[in-house]
K.L.:
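Below is one structure. I have some questions about it.
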Amino acid sequence: MTAGPIDDARLQALYAIRDRHQGDSTAPQKARLLETLQTLGHCTTFEASRYLDIYDPRARKLNLVKAGFEITTTWRTVETESGELHRVGVYSLARGAQ
C-alpha cells in the first residue's frame with residue numbers, strides 16, 4: 001500500500017503536538033510520539049521524523065515500550081518529497097493500552 005500526501009488537518013495536528021512538547025532531548029520527543037499515538041491513532045516513522053522533529057523514532061518507540069506502553073508496528077510504503085518510495089514503520093498503541 002502506498003500512502004499519498006499527508007492531509008492538512010493531520011499535518012496541523014502533528015505540528016501542534018510538536019509545539020506543545022518543545023525540546024530535542026529524549027523526554028519531549030517521547031511525549032510528542034505518545035501524544036500522537038493517543039490522539040491520532042498511529043504515527044509513521046516518516047511523520048515522526050519530518051513533522052514531530054524526532055531524530056530517531058525507533059529509539060523513542062523503544063523508550064515508550066520500556067516504560068510499559070504496548071506499541072505495535074506495521075509497515076507502509078510512502079512517497080517522500082523527492083518522489084522516492086520508502087518502506088516505513090507505522091506505530092500504534094495496542095488496544096486497551098491507551
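Remember, it's a predicted structure, so these values are computed and weren't measured experimentally.
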K.L.:
Mind checking whether L34 and L62 sit in one hydrophobic cluster, side chains of I, L, V, M, F, W, Y counted as touching below 4.5 Å?
P.N.:
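As far as the 4.5 Å side-chain criterion goes, L62 and L34 are not connected within one cluster.
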K.L.:
Could you tell me the separation between the CG atom of L52 and the CG atom of L33, rounded to the nearest 0.5 Å?
P.N.:
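L52 atom CG to L33 atom CG measures 7.0 Å (nearest 0.5 Å).
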K.L.:
Using 0.5 Å steps for rounding, measure from the OG1 atom of T44 to the OH atom of Y51.
P.N.:
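With rounding to 0.5 Å, OG1 (T44) is 8.0 Å from OH (Y51).
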K.L.:
Flag the pair H21 / E35 as yes when at least one side-chain heavy-atom distance between them is below 4.5 Å, and no otherwise.
P.N.:
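A side-chain contact exists here, since the closest heavy-atom pair is under 4.5 Å.
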K.L.:
Would a 4.5 Å heavy-atom cut-off, applied to side chains only, mark Y91 and T45 as touching?
P.N.:
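Yes, side chains in contact.
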K.L.:
Give a yes or no answer on whether the side chain of Q22 reaches the backbone of D19 with a donor-acceptor pair at less than 3.5 Å.
P.N.:
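A pair under 3.5 Å: yes.
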K.L.:
Measuring only between side-chain heavy atoms, which start at C-beta, is C43 closer than 4.5 Å to V90?
P.N.:
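The answer is no; the side chains never approach within 4.5 Å.
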K.L.:
Mark yes when over 12 heavy atoms from residues, nucleotides or ligands other than R58 sit less than 6.0 Å from its CZ; otherwise mark no.
P.N.:
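No, not enclosed.
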K.L.:
To the nearest 0.5 Å, what is the distance between CG on L14 and CG on L40?
P.N.:
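These two atoms lie 5.5 Å from each other.
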K.L.:
Rounded to the nearest 0.5 Å, what separates atom CD in Q12 from atom CG in D7?
P.N.:
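Answer rounded to 0.5 Å: 10.0 Å.
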K.L.:
How long is the straight-line distance from CZ of R32 back to CZ of R60, given to the nearest 0.5 Å?
P.N.:
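The distance works out to 9.5 Å.
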K.L.:
Please determine which of R76, R10, R18 meets the salt bridge (Lys or Arg N to Asp or Glu O under 4.0 Å) test together with E47.
P.N.:
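By the salt bridge (Lys or Arg N to Asp or Glu O under 4.0 Å) criterion, E47 pairs with just one of R76, R10, R18: R10.
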K.L.:
Identify all side-chain donor-acceptor contacts of residues 23-30 below 3.5 Å with residues at least two apart in sequence or on another chain.
P.N.:
from: Q29; atom 1: OE1; to: Y55; atom 2: N; distance (Å): 3.4
from: Q29; atom 1: NE2; to: D24; atom 2: O; distance (Å): 2.7

K.L.:
Under the criterion side-chain contact (heavy atoms from CB on, under 4.5 Å), I'd like the reasoning laid out for S92 against T72: C-alpha separation, chi angles, the key distance, then a yes or no.
P.N.:
CA-CA 5 Å; S92 305; T72 60; 3.7 Å; yes
K.L.:
What's the spacing between Y15 OH and R20 CZ if we round to 0.5 Å?
P.N.:
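The OH atom of Y15 sits 15.0 Å away from the CZ atom of R20.
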K.L.:
Would you check if V78 and I6 make a side-chain contact, meaning some heavy-atom pair closer than 4.5 Å?
P.N.:
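When only atoms from C-beta onward are counted, I6 and V78 do not touch, as no gap falls below 4.5 Å.
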K.L.:
Evaluate the side-chain proximity of V88 to T77: yes if any heavy-atom separation is below 4.5 Å, no if none is.
P.N.:
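Answer no - side chains too far apart.
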